[in-house]
Protein chains: 2
Amino acid sequence: MKLEILPVLGIGHVSEGDDLAALIATAAPWLRDGDVLVVTSKIVSKAEGRLVDIPADGPERQVARDEVLAAETARVVASRGPTRIVQTHHGFVMASAGIDASNVDKTRLVLLPKDPDASARALRAALRDRYGRDVAVIISDTMGRPWRNGLTDVALGVAGMDPIRDHRGETDPYGNELHVTQMAVVDELAGAGELIKGKIDQVPVAVVRGYLGATRPDDGAGAAALVRDAAQDLFSLGTAEAKTAGLASGATLPDGPGPAPADPAAVRRAIEAVAGAVAPGTVFTLVDDEVRPGLAAAVPGWPEQATALVLGSPPTPVDPNDLVRFGADMHRLRIALAAEGIGSLLLPPPAASTASAALAL
Amino acid sequence: MKLEILPVLGIGHVSEGDDLAALIATAAPWLRDGDVLVVTSKIVSKAEGRLVDIPADGPERQVARDEVLAAETARVVASRGPTRIVQTHHGFVMASAGIDASNVDKTRLVLLPKDPDASARALRAALRDRYGRDVAVIISDTMGRPWRNGLTDVALGVAGMDPIRDHRGETDPYGNELHVTQMAVVDELAGAGELIKGKIDQVPVAVVRGYLGATRPDDGAGAAALVRDAAQDLFSLGTAEAKTAGLASGATLPDGPGPAPADPAAVRRAIEAVAGAVAPGTVFTLVDDEVRPGLAAAVPGWPEQATALVLGSPPTPVDPNDLVRFGADMHRLRIALAAEGIGSLLLPPPAASTASAALAL
């Protein structure tokens, strides 16, 4: 039992319209059923004509690059300086949408294949139908990742094998059931292929031989199964972008108590959080549960679902400018409450109280 | 030229105090100089006694797990439901700090090795000094990653090879210099090893044979070189956590104009952003550059570095409650400006104006 990773030598330059199956079958007559082909996406893109012309230099080059990037971008995930991490129309999150200016003429850019799973399926079918080889195909590209320096190759397209090996439900030798382990084996295979392909050595294809799990009769779910839905992802936005979005949400904070009763400890944390930012002498009071119903009844517009009341009093004596500042400070508190997950509504004070405003929580 | 990935069979259970070098050298007498050993971190942890006792079940088990996790956590990066993505004291960002309950008795948890680079160096030295084999050692573990489903194995500890293959400065066949390509080859090697080790097959060690770049005479920079500093990382916090932090920053928004002149288009965007959230009839006016200096001179406390002036007027007629609401709306605008990168300071209105407040930008 062993794996072998073999380079496919002699493929040379690939141009639009080239027949990749023929190039690979000719360069690797030793290909066997059950092998996993790891194919650099760049030669797939070139064969498919996924190239755009751009100026070789000057400011026009940057303008053209930006236009190409915008066209390949479904949404911007994060940016800093010239770096753009975007989600492509395929769903992949990559720097510069995977657009590459290396290993191509200076006047062209290489885009990712339009549909890498379809490219993998087509290459697999051609090798099977025309050359009688039943292999799995992985289209690979190089990606960065958060938290770790260095790049690795991963799978953009897959045909003929399962993209994930699912260990869930298996039992280890100690009797523990494995709950979450789903291995992205096609990414590990793509990385393994990179180890022998290199970056500038004109070895765009590697073969992994001996892997159990290659191949399956149909094409399988493809690399599309590796794309995590943004709504499921804990890191769907860059930290700076998410902080700005969170800050901006305070400008349009909706009015109204939250859906759940406010936790008094969280309310006190919010009051504490703004203590250093509001005008000295401003007082916020969380009214206790015994007094609250009577006071709430005396607050115009008090909403039925509100479960707590905070009274706010500006420093005295009060002039009109101080009331404006006090209102701003009430909004500071509303934001601090929102950051604790507590909705609120700004209201006039109860009749006969010394407060100048109330918050229904 | 090829790579081989070979399983090391027959290692069996590993317990505290076991001599890993002896176990591996005995199980793999075929080990050669220049091989790369990929060793599952779990057997390193077990040999080093990095285990903690916990109850097999019941609520006490969860309490004990939480305590262990807190001790292994340098900072929480993201959480959702029971999921905790944390940065460990090593700097790795991992779910549950890499603490594992699989492949171990139900009453124990396995922690990561205390210093995986040191573990790798020690194992390498023992194999060299006691068994005469000059190999590189990678200590591997399984990690998830943003944006892609499925896990892959990566390197936690490295000795005897460069963790990164740096292609910067190399020139491709088209004459383009490679600018950014630094490949985390030890992560690709760790993933390659996983393909043959599997999860439950008691094959905790794989050997990669034929990799150019293994080995180097000294131990090299180790996997510590793969840890990206949080300040350099575009995804140092989970999206939800970053949004909450951004929202909370609006509660303590500092007073004062920003360091750069305010872009009038950005000011207008901020005014537009809050239009639907402020009291109907509220008017914000960006004062033009000709009128501004005179008005600014009439604003008490106008700071010298301010470059723009926004006047705010509440809907009329104004009663004291309306002024509080108006102040809250001024803070809404201040937040919208801050989200555009524009600092501001809330001030009383200029004398003889109809405004009720001014913002110095």
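Protein chains get the first letters and strands the later ones, always in sequence-line order, with residue 1 at the start of each.
- Within the 4.5 Å cutoff, no side-chain heavy atoms of B:Pro349 are placed close to those of A:Val324.
- Contacts of A:Ala190 with chain B are absent, with no heavy-atom separation under 4.5 Å from either backbone or side chain.
- Considering CD of B:Glu4 and CZ of A:Arg209, their distance stands at 12.0 Å, rounded to 0.5 Å.
- At a threshold of 4.5 Å between non-hydrogen side-chain atoms, the residues A:Leu247 and B:Leu247 do not count as touching.
- Heavy atoms of A:Asn149 lying under 4.5 Å from chain B belong to its backbone as well as its side chain.
- Only the backbone of B:Ala101 comes within contact range of chain A, with heavy atoms under 4.5 Å apart.
- Summarising the geometry, atom CZ belonging to A:Arg228 is positioned 8.0 Å from atom CZ belonging to B:Arg145; distances are rounded to the nearest 0.5 Å.
- Across A:Pro320 and B:Leu323, no two heavy atoms sit closer than the pair CB-CD1, 3.7 Å.
- Residues B:Arg334 and A:Asp329 are not paired through a salt bridge, judged by the lack of any N-O separation under 4.0 Å between the basic side chain and the carboxylate.
- Chain A forms more heavy-atom pairs under 4.5 Å with one residue of B:Ala242, B:Gly150, B:Pro7 than with any other, namely B:Ala242.
- Residue B:Leu234 touches chain A through both its backbone and its side chain, counting heavy-atom pairs closer than 4.5 Å.
- Scanning both residues, A:Pro146 and B:Pro146, for their nearest heavy atoms gives CG-CG, 3.7 Å.
- For the set B:Gly210, B:Ala336, B:Ser102, B:Ala245, the entry with the most heavy-atom pairs within less than 4.5 Å of chain A is B:Ser102.
- Contact tally against chain B (heavy-atom pairs below 4.5 Å) for A:Ala338, A:Gly191, A:Ala328, A:Gly341: the top residue is A:Ala328.
- Side chains of B:Ile335 and A:Thr252 form no contact here, defined as non-hydrogen atoms less than 4.5 Å apart.
- Looking at B:Ala230, there are no atoms closer than 4.5 Å to chain A (heavy atoms on both sides), in backbone or side chain.
- Between the A:Thr239 side chain and the B:Ser236 main chain, a donor and an acceptor come within less than 3.5 Å of each other.
- Residue with the most contacts toward chain B among A:Leu346, A:Leu195, A:Val227, A:Val208: A:Leu195 (heavy-atom pairs, distance under 4.5 Å).
- Heavy-atom pairs under 4.5 Å with chain B were tallied for A:Gly238, A:Ala225, A:Gly327, A:Ala273; the largest tally goes to A:Gly327.
- Panel note: side chain B:Thr244, backbone A:Ala339; no donor-acceptor pair is recorded below 3.5 Å.
- Close approach to chain A, defined as a heavy atom under 4.5 Å from one of its heavy atoms, is seen in B:Val77, B:Ala78, B:Arg80, B:Thr83, B:Ile85 of residues 77-86 of chain B, taken by number.
- Contact tally against chain B (heavy-atom pairs below 4.5 Å) for A:Arg325, A:Gln232, A:Gln87: the top residue is A:Gln232.
- A:Thr181 OG1 to B:Leu151 CG: the interatomic distance, rounded to the nearest 0.5 Å, is 6.5 Å.
- Distance alone, capped at 3.5 Å, places no donor-acceptor pair between the A:Arg148 side chain and the B:Asp187 backbone.
- For B:Ala357, the part lying near chain A is the side chain, with the backbone staying farther off; criterion is any non-hydrogen pair under 4.5 Å.
- Here A:Lys106 is the residue among A:Lys106, A:Glu340, A:Met330 with the most heavy-atom pairs under 4.5 Å with chain B.
- Side chains of A:Thr142 and B:Met183 form a contact here, defined as non-hydrogen atoms less than 4.5 Å apart.
- When side chains are defined from C-beta on, A:Arg332 counts as touching B:Leu253, because their heavy atoms get closer than 4.5 Å.
- Heavy-atom distances place no part of A:Leu347 under 4.5 Å from chain B, backbone and side chain included.
- Remark: A:Lys243 NZ is loosely packed, at most 12 non-hydrogen atoms of other residues, nucleotides or ligands lying under 6.0 Å away.
- Looking at B:Asp229, there are no atoms closer than 4.5 Å to chain A (heavy atoms on both sides), in backbone or side chain.
- Remark: the backbone N or O of B:Asp153 is paired with a side-chain donor or acceptor of A:Glu188 at under 3.5 angstrom.
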Subject >> Intermediate values then yes/no, side-chain contact (heavy atoms from CB on, under 4.5 Å), A:Met1 and B:Ile196 >> reply: CA-CA 8 Å; A:Met1 180 173 82; B:Ile196 206 153; 4.2 Å; yes
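- For a residue to count as touching a neighbouring chain, one of its non-hydrogen atoms must lie under 4.5 Å from one of that chain's; by this rule A:Asp255 touches chain B with the side chain only.
- Heavy atoms closer than 4.5 Å to chain A are found in both the backbone and the side chain of B:Leu237.
- A:Leu226 touches chain B through backbone and side chain together, each having a heavy atom under 4.5 Å away.
- A:Trp147 and B:Phe235 make their closest contact through NE1-O, 2.8 Å (heavy atoms, listed as atom of the first residue, atom of the second, distance).
- Of the listed residues (A:Leu9, A:Asp105, A:Leu6), the greatest number of heavy-atom pairs within a distance under 4.5 Å of chain B belongs to A:Asp105.
- Contacts of B:Ala277 with chain A are made by side-chain atoms alone, with heavy-atom separations under 4.5 Å and no backbone atom involved.
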